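First up is the structure itself, then whatever we jot down about it.
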Amino acid sequence: MFKASFFLLMFVCLVSSPISELKSEVPAGKWRAVDIDEIKIGYGVQLTDVNGDGKPDIVLADQKTFQWYENPSWTKHIIAENLTERDNVCITARDIDGDGKCEIAVGGQWNYRESVKDGAVFYLIPPEDRTQLWTPVRLHNEPSTHRMHWVRGRENKYHLTVKPLRGRGSVDGDGAGLRVLEYFMPPNPKDEWKFGVVCDFIHLSHNFHPVNWDDDPEEELIIAGKEGVWHLDRQKDDWAATQLTKDFAGEIRDGKLPNGKRFIATVEPKHGSVCAVYSEPAKQGDLWPSVKVLDDKLKDGHALACADFLGVGSDQIVVGWRAMNDPGVPGIKLFTPIDKDATKWREDRLSSEEIAVEDIKVADLNGDGKVDIVAAARQTKNLVVFFNER
């Protein structure tokens, strides 16, 4: 069971007002913070249905364990542990076969500076009782395994897409580009998984994100790195790359502005101090113009999420930072556009030194139609849910 935490300030949001009438003094909703567990690091979070009961559970990659927390009791179930000598680093969980229960892949053997031999990728085969240990199947990996997603391809088939932090043998972004790999699951997941290369020209990529911006059902990717943000779209047997921004970006997510335009939100650079917003250009293929620098004083910006938390018909941005390499006070902020063209934004602080954010994911956890926030924290070693009670 979980215990309530009352360190968070409570806010009330006038959500009945249209976005064009929002004022800067209108607060950002009412949030109830609940401590779910004491953790080691909390490298990665996913929100998805693990056991098929129709409720999104919390799936976590911790330092030496992979586990899920059962909604609504938040009972912890460890499904894999000590798969590698070094730390775990990432996890992806998604229902890829339509049975209502997620499939899980994980990454480990994390070594921040090393770029030749470390890294690991596993697919986890679930037992009939998904609260018990799952069977790991080790796959080929590039060095410095760092982030992964299940990505929908042709014929509604999902492929495991894995991105390293660095290119093989590279040092601080100098050298070979990193290889983003797409793995194809065989009928028997214990057999060899074939794979292809999505891209190999980007350096020091901290995060990437699946999107579906065109008319076909296949998902594309937006990826942030030393060369800026890129859009990768599957074209027959290859991927087409389009540059969206030029500045070194670490985190990347997308959303919708009040004027209906698509936007991307970034943290710049990797582990950076800047949270910025760009909107889609008038001409397809052009660089995306900057809309706003929301913050330039983050300490180790490390997580982004975009959703309509306030129920106003367009998206807001949550950014979290951990203040580890750049020491200071960590926290989470919510940014809300308060005019149609998003030239003005309201800033609201949701947490401070209580949560040193490593990762953030968002979803409606309790079925009330409101998007909640889940944060995993490193130095403060806590897993926290912010229930949206606007």
Side-chain angles (χ1 to χ4, degrees), residues 37 39-71 73-111 117-153 156-164 181-196 210 359 361 376 383:
D37 194 15
I39 60 177
K40 298 293 185 181
I41 291 177
Y43 278 108
V45 174
Q46 295 278 279
L47 306 179
T48 188
D49 190 354
V50 179
N51 58 1
D53 65 356
K55 301 173 184 176
D57 305 298
I58 301 172
V59 186
L60 182 73
D62 207 359
Q63 186 173 21
K64 290 296 182 181
T65 59
F66 296 101
Q67 59 230 34
W68 66 281
Y69 299 84
E70 189 171 353
N71 188 347
S73 68
W74 308 121
T75 301
K76 178 166 66 175
H77 306 293
I78 294 176
I79 60 173
E81 55 187 337
N82 299 317
L83 295 185
T84 56
E85 179 183 0
R86 302 181 67 88
D87 286 4
N88 302 323
V89 70
C90 57
I91 190 166
T92 181
R94 189 173 184 179
D95 178 11
I96 68 173
D97 59 10
D99 69 351
K101 295 177 282 189
C102 72
E103 281 66 44
I104 296 178
V106 299
Q109 192 62 9
W110 175 237
N111 190 344
K117 60 181 179 63
D118 282 332
V121 175
F122 297 88
Y123 174 68
L124 301 183
I125 300 176
E128 184 174 351
D129 180 357
R130 288 180 162 230
T131 67
Q132 302 302 305
L133 291 175
W134 297 30
T135 301
V137 177
R138 187 154 189 170
L139 310 182
H140 167 85
N141 69 274
E142 289 290 293
S144 70
T145 304
H146 191 249
R147 293 289 184 265
M148 54 175 52
H149 292 286
W150 292 111
V151 179
R152 187 172 63 243
N156 204 37
K157 292 183 178 179
Y158 289 79
H159 309 303
L160 176 63
T161 308
V162 181
K163 184 195 67 59
L181 299 185
E182 178 184 32
Y183 297 77
F184 306 97
M185 184 190 293
N188 181 350
K190 292 184 178 180
D191 291 342
E192 181 182 1
W193 291 45
K194 295 181 179 179
F195 61 88
D359 194 20
K361 293 294 187 299
L383 179 66

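The residues of the chain are indexed from 1 along the displayed sequence. What you are looking at is a predicted structure, and each value in this text was computed from that prediction instead of being measured. Side chains included, hydrogens not; waters and symmetry mates left out as well; all remaining heavy atoms used.
Checking Arg138, Glu142, Met148, Gln109 one by one against Val121, the side chain to side chain contact (heavy atoms under 4.5 Å, CB included) holds for a single residue, Met148. Each of Gln132, Gln67, Glu70 was scored for a side chain to side chain donor-acceptor pair (under 3.5 Å) with His77, with one residue passing: Glu70.
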request  = Run the numbers on Tyr69 and Leu383 for side chain to side chain contact (heavy atoms under 4.5 Å, CB included), then give the verdict.
outcome  = CA-CA 10 Å; Tyr69 299 84; Leu383 179 66; 3.5 Å; yes
task = Go through Ile104 and Ile91 one step at a time and tell me if the side chain to side chain contact (heavy atoms under 4.5 Å, CB included) criterion holds.
result = CA-CA 7 Å; Ile104 296 178; Ile91 190 166; 3.9 Å; yes
query = Given the rule in the side chain to side chain contact (heavy atoms under 4.5 Å, CB included) test, do Leu47 and Ile58 qualify, once you have shown the distances and angles that lead to the verdict?
reply = CA-CA 5 Å; Leu47 306 179; Ile58 301 172; 3.8 Å; yes
task = Would you sort out whether Asp87 and Lys64 count as a side chain to side chain contact (heavy atoms under 4.5 Å, CB included), showing the intermediate values?
result = CA-CA 6 Å; Asp87 286 4; Lys64 290 296 182 181; 4.1 Å; yes
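The shortest side-chain heavy-atom distance between His146 and Val89 falls under the 4.5 Å cut-off. The shortest distance between side-chain heavy atoms of Leu139 and Leu181 does not fall below 4.5 Å. Looking at heavy atoms from C-beta onward, Pro56 lies in side-chain contact with Asn71 at the 4.5 angstrom threshold. Contact of the Thr48 side chain with the Trp68 side chain is not registered, since no non-hydrogen atoms from C-beta on lie closer than 4.5 Å.
Within the model, atoms CG of Leu60 and CG of Asp359 stand 9.0 Å from one another, a figure rounded to the nearest 0.5 Å. To the nearest 0.5 angstrom, Asp62 atom CG is 7.0 Å from Ile41 atom CD1. Here the CH2-CD distance, from Trp150 to Glu103, works out to 7.0 Å after rounding to the nearest 0.5 Å. If you take CH2 on Trp110 and OG1 on Thr145, they are separated by 8.5 Å, rounding to the nearest 0.5 Å. Rounding to the nearest 0.5 Å gives a distance of 12.5 Å between CZ of Phe122 and CG of Leu160. Note that CG of Asp95 is 8.0 Å distant from CG of Asp49, once rounded to the nearest 0.5 Å.
Between Asp191 and Trp193, the closest heavy-atom pair is O-CD1, 3.1 Å. Across Met185 and Ile96, no two heavy atoms sit closer than the pair CE-CD1, 3.8 Å. For the residue pair Arg130 and Ile79, the shortest heavy atom distance occurs at O-CG2, 3.8 Å. Pro189 approaches Ile125 most closely through the heavy-atom pair CG-CD1, 4.0 Å. Of all heavy-atom pairs between Thr84 and Gly108, the closest is OG1-C, 4.1 Å. Leu133 and Ala80 get closest at one heavy-atom pair: CD2-N, 3.9 Å.
Relative ring orientation between His159 and Phe184 is described as perpendicular, the plane-to-plane angle rising above 60° on a 0-90° scale split at 30° and 60°. By the 30° and 60° cut-offs, the orientation of the rings of Phe195 relative to Tyr183 is tilted.
Gln63 places no side-chain N or O within 3.5 Å of a backbone atom of Lys40 that could act as its donor or acceptor partner. Asp37 places no side-chain N or O within donor-acceptor distance of the main-chain N or O of Ile39, the cut-off being under 3.5 Å.
Here Trp134 and Phe66 keep their ring centres 6.0 angstrom or further from each other.
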